[in-house]
Each structure stands twice: as C-alpha cells, then as structure tokens.
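See below for the structure under consideration.
All values derive from a computational prediction rather than experimental measurement. All residue numbers in this chain count up from 1 along the given sequence.
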Amino acid sequence: MLLVPIWIAAVVCISHAVYGFVTKALYLSRYHGAVDFPVVPGVSAVRAAEANHLSAVQDLLVFEPCFLIQGVVIALAAWQFIRTLEGRRRWGTSMLLGIAVIDVFGVLLSLVGMRFALS
C-alpha cells in the first residue's frame with residue numbers, strides 16, 4: 001500500500017521534468033506550439049515574447065531540474081522498501097514505463113497543438 005502513492009509521486013515528478021525539458025527545448029528552438037503561454041491583455045507581442053523566452057529558460061535551468069531531483073529522491077526512498085532483486089527490477093521497469101507513457105502522450109499532444117489539463 002505504501003509503494004502505490006510513492007510510485008505515483010515519483011512518476012509524476014520525473015515525467016513532469018522530462019516533459020518540461022522536451023517542450024521548453026522545443027519552444028526555445030522556435031517551435032512555439034510546444035508551450036502554451038497565457039496571453040496577457042495590454043502586453044505587446046515583443047514584450048510577451050521576451051517574457052516567454054525568459055520563462056522557458058528559467059524552467060529549463062531551475063524548475064525542471066528540481067522536479068527531476070524530487071522524483072529521483074522519492075523513487076530512491078521507495079527503493080529502500082523493496083527487498084528482493086526481482087521486486088526492484090519490476091519497480092524500475094514500471095517506473096520507466098509509467099514515465100514513458102505519460103511523456104509520449106504529452107509530447108504528442110503538444111506536437112499536434114492540443115492541450116490536456118486536469119482541474
């Protein structure tokens with residue numbers, strides 16, 4: 001029971017970081033459809049572009065690494081509860097599979113210009 005919420009937290013944090021690295025890198029390489037920054041009324045297009053660029057750089061340098069570190073630390077904490085080698089192998093495989101499913105889905109949505117949000 002303890003490993004389920006830890007698995008969810010680790011997968012969400014790591015997939016958030018991976019997804020953020022990919023989409024912000026696409027944005028900075030001029031594929032602006034990868035990230036949906038809000039439009040603020042009264043702000044010029046040039047000023048908004050500068051702010052969006054700065055925000056993408058900050059995400060790449062600060063926020064996404066923090067999510068990655070947090071997810072890895074959470075996963076390593078759960079690793080300590082798993083005693084068998086086979087259990088650890090299944091844990092690692094399920095983590096990689098969960099991260100891949102979430103990130104592939106998110107990147108594909110971004111590439112086709114669709115948005116997905118939970119509220």
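Using a 4.5 Å heavy-atom threshold, the side chains of D103 and V22 count as separate. Between E50 and L54 there is no side-chain heavy-atom pair separated by less than 4.5 Å. Residues L60 and F21 form a side-chain contact, since some pair of their non-hydrogen atoms from C-beta on lies under 4.5 Å apart.
We find the CD1-CZ distance between I82 and R89 to be 12.0 Å, quoted to the nearest 0.5 Å. One distance of note links SG of C66 with CG of L61; it measures 11.0 Å at 0.5 Å rounding. Between the CZ atom in F81 and the CG atom in L2 there is a gap of 5.0 Å [rounded to 0.5 Å].
Applying the 6.0 Å contact sphere to CZ of R88 captures more than 12 heavy atoms from other residues, nucleotides or ligands.
Nearest heavy atom pair, residue A56 against residue L28, reads CB-CD2, 3.8 Å. Closest heavy-atom contact between P65 and D59: CD-O, 3.8 Å. Here the shortest heavy-atom pairing between A49 and Y27 reads O-OH, 4.5 Å. Contact detail for V11 and I99: the closest heavy-atom pair is CG1-N, 3.9 Å. Between A10 and G71, the shortest heavy-atom contact is CB-O, 3.7 Å.
In this structure, I74 is a member of the same hydrophobic cluster as I14, with clusters built from ILVMFWY side-chain heavy atoms closer than 4.5 Å. L96 and Y19 fall into different hydrophobic clusters, where Ile, Leu, Val, Met, Phe, Trp and Tyr residues are linked whenever their side-chain heavy atoms come under 4.5 Å apart, directly or through other members. Cluster annotation: V73 is not connected to V62 through the hydrophobic network of ILVMFWY side chains, with a link wherever side-chain heavy atoms come within less than 4.5 Å. L76 is connected to W91 through a chain of hydrophobic side-chain contacts under 4.5 Å among Ile, Leu, Val, Met, Phe, Trp and Tyr, so both are in one cluster. Hydrophobic clustering of Ile, Leu, Val, Met, Phe, Trp and Tyr side chains at less than 4.5 Å, counting indirect connections, keeps L97 apart from W7.
A donor-acceptor contact shorter than 3.5 Å is absent between the side chain of S55 and the backbone of A51.
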